[in-house]
Amino acid sequence: MTEVPSARGAEIGRRIGVGLMYGLFRPRVLGAWRVPATGPLIFAVNHSHNIDGPMVMGVAPRATHFLIKKEAFIGPLDPFLTGIGQLKVDRDTTDRTAISRALSVLENGGALGIFPEGTRGEGDFAAIRAGLAYFAVRGAAPIVPVAVLGSSDRPGRLVKALPPLRSRVDVVFGDPFEAGDGSGRRTRKALDAATERIQKQLTAHLENARRLTGR
């Protein structure tokens, strides 16, 4: 039986994220009112810096269960991340445990966080993996595009791995949209078409977010 990630843990993670992100940086959050208050949803987040996930956890209006690469679950971080409802995923294989746990989040009306690019890079949604389409269609979950801007502009002076302390990071939430064509089909062809639709929507959101913030 699949172990359901802790919703209470994710809420604790959100509160920790609020304290850390607003304590260390100056987040500016735009469009949070667009996020549906209840029901399953997927936050599709661009990824250019390692604080992007914690930043979204801290500023999103809902507690979020992120799919995170297994390499991050090292030492004391393993029980901590698991305890706050985050999901370990092996990116080198079809990780059926992670898939089942992610779908259980959606089945229970929770919010799933995904980096569609699969790995940290330019954060421009140029290459999107098919997994996002699968979760959106199978979990009947709308996708909320999220653009995190400013996290990778320059390294901090004290801690190079973090943005400068008290620097501004913009987080822009977009309108939720359906990835599928309404048929519920999960064939390779249907998922490829859904991935194409998703990429267009996410790219358009990122362009709009950059215009909006001047980033």
Side-chain angles (χ1 to χ4, degrees), residues 1-5 10 34-36 38-48 52-53 56-57 60 62 64-73 81-82 85-148 172-209:
M1 186 170 168
T2 302
E3 182 192 346
V4 180
R34 295 188 170 101
V35 177
T38 58
L41 70 85
I42 297 172
F43 289 122
V45 186
N46 69 322
H47 197 20
S48 61
D52 296 338
V56 173
M57 281 179 67
R62 290 179 60 178
T64 311
H65 303 266
F66 265 97
L67 277 166
I68 301 172
K69 62 183 181 181
K70 68 173 186 179
E71 291 83 357
F73 288 72
L81 289 172
T82 302
Q86 306 309 295
L87 310 176
K88 183 192 303 186
V89 62
D90 184 344
R91 298 176 301 171
D92 299 323
T93 183
T94 302
D95 189 337
R96 299 196 182 283
T97 300
I99 292 169
S100 296
R101 297 187 78 210
L103 288 172
S104 74
V105 167
L106 299 175
E107 284 163 10
N108 286 308
L112 185 65
I114 293 181
F115 299 113
E117 296 154 295
T119 187
R120 198 166 72 239
E122 295 299 315
D124 57 3
F125 291 128
I128 290 180
R129 294 188 166 195
L132 175 53
Y134 174 80
F135 286 121
V137 175
R138 173 82 190 273
I143 294 172
V144 174
V146 187
V148 181
V172 187
F173 293 90
D175 289 315
F177 66 91
E178 301 292 336
D181 58 7
S183 69
R185 283 194 300 264
R186 300 197 298 271
T187 62
R188 173 58 63 86
K189 188 177 177 183
L191 291 179
D192 284 348
T195 299
E196 207 172 301
R197 274 192 292 275
I198 289 168
Q199 184 151 24
K200 284 180 183 168
Q201 293 268 17
L202 297 186
T203 303
H205 172 66
L206 187 58
E207 286 172 3
N208 183 53

- Would you check if the distance from the ring center of Phe66 to the ring center of Phe43 is below 6.0 Å?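 That pair fails the under 6.0 Å test.
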Answer yes or no: is there a side-chain heavy-atom contact under 4.5 Å between [X] and [Y]?
X: Pro36; Y: Val144; result: yes
X: Arg62; Y: Val35; result: yes
X: Leu106; Y: Ile42; result: yes
X: Leu41; Y: Pro176; result: no
X: Lys88; Y: Thr97; result: no
X: Phe115; Y: Leu67; result: no

Taking all non-hydrogen atoms of both residues into account, name the closest pair between [X] and [Y] and its distance.
X: Phe173; Y: Ala60; value: CZ-CA, 3.7 Å
X: Val45; Y: Pro116; value: O-CD, 3.2 Å
X: Ala133; Y: Ile198; value: CA-CD1, 3.7 Å
X: Ala136; Y: Ala179; value: CB-CB, 3.8 Å
X: Leu103; Y: Gly139; value: CD2-N, 4.3 Å
X: Ala72; Y: Leu81; value: O-CD1, 3.9 Å

Going from [atom1] on [X] to [atom2] on [Y], what distance comes out if it is rounded to the nearest 0.5 angstrom?
X: His205; Y: Asn208; atom1: NE2; atom2: CG; value: 7.5 Å
X: Thr93; Y: Lys70; atom1: OG1; atom2: NZ; value: 9.0 Å
X: Asp90; Y: Phe73; atom1: CG; atom2: CZ; value: 12.0 Å
X: Asp95; Y: Arg101; atom1: CG; atom2: CZ; value: 10.0 Å

- Go through the structure and list residues passing salt bridge (Lys or Arg N to Asp or Glu O under 4.0 Å) with Asp181, not counting sequence neighbours.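 Once residues adjacent in sequence are excluded, the partners of Asp181 under the salt bridge (Lys or Arg N to Asp or Glu O under 4.0 Å) criterion are Arg185.
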- Item | For Arg186, salt bridge (Lys or Arg N to Asp or Glu O under 4.0 Å) partners two or more places apart |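 Arg186 satisfies salt bridge (Lys or Arg N to Asp or Glu O under 4.0 Å) with no other residue.
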Output yes when a side-chain donor or acceptor of [X] lies under 3.5 Å from a complementary backbone atom of [Y], and no otherwise.
X: Arg91; Y: Lys69; answer: no
X: Arg34; Y: Gly174; answer: no
X: Glu178; Y: Ala140; answer: no

- Does the side chain to side chain contact (heavy atoms under 4.5 Å, CB included) test come out yes or no for Glu107 and Val4, once each step is laid out? CA-CA 10 Å; Glu107 284 163 10; Val4 180; over 6 Å; no
- Leu112 and Leu87: side chain to side chain contact (heavy atoms under 4.5 Å, CB included), yes or no, with the steps? CA-CA 9 Å; Leu112 185 65; Leu87 310 176; 3.7 Å; yes
- Check against side chain to side chain contact (heavy atoms under 4.5 Å, CB included), Ile114 and Ile143: CA-CA 10 Å; Ile114 293 181; Ile143 294 172; over 6 Å; no
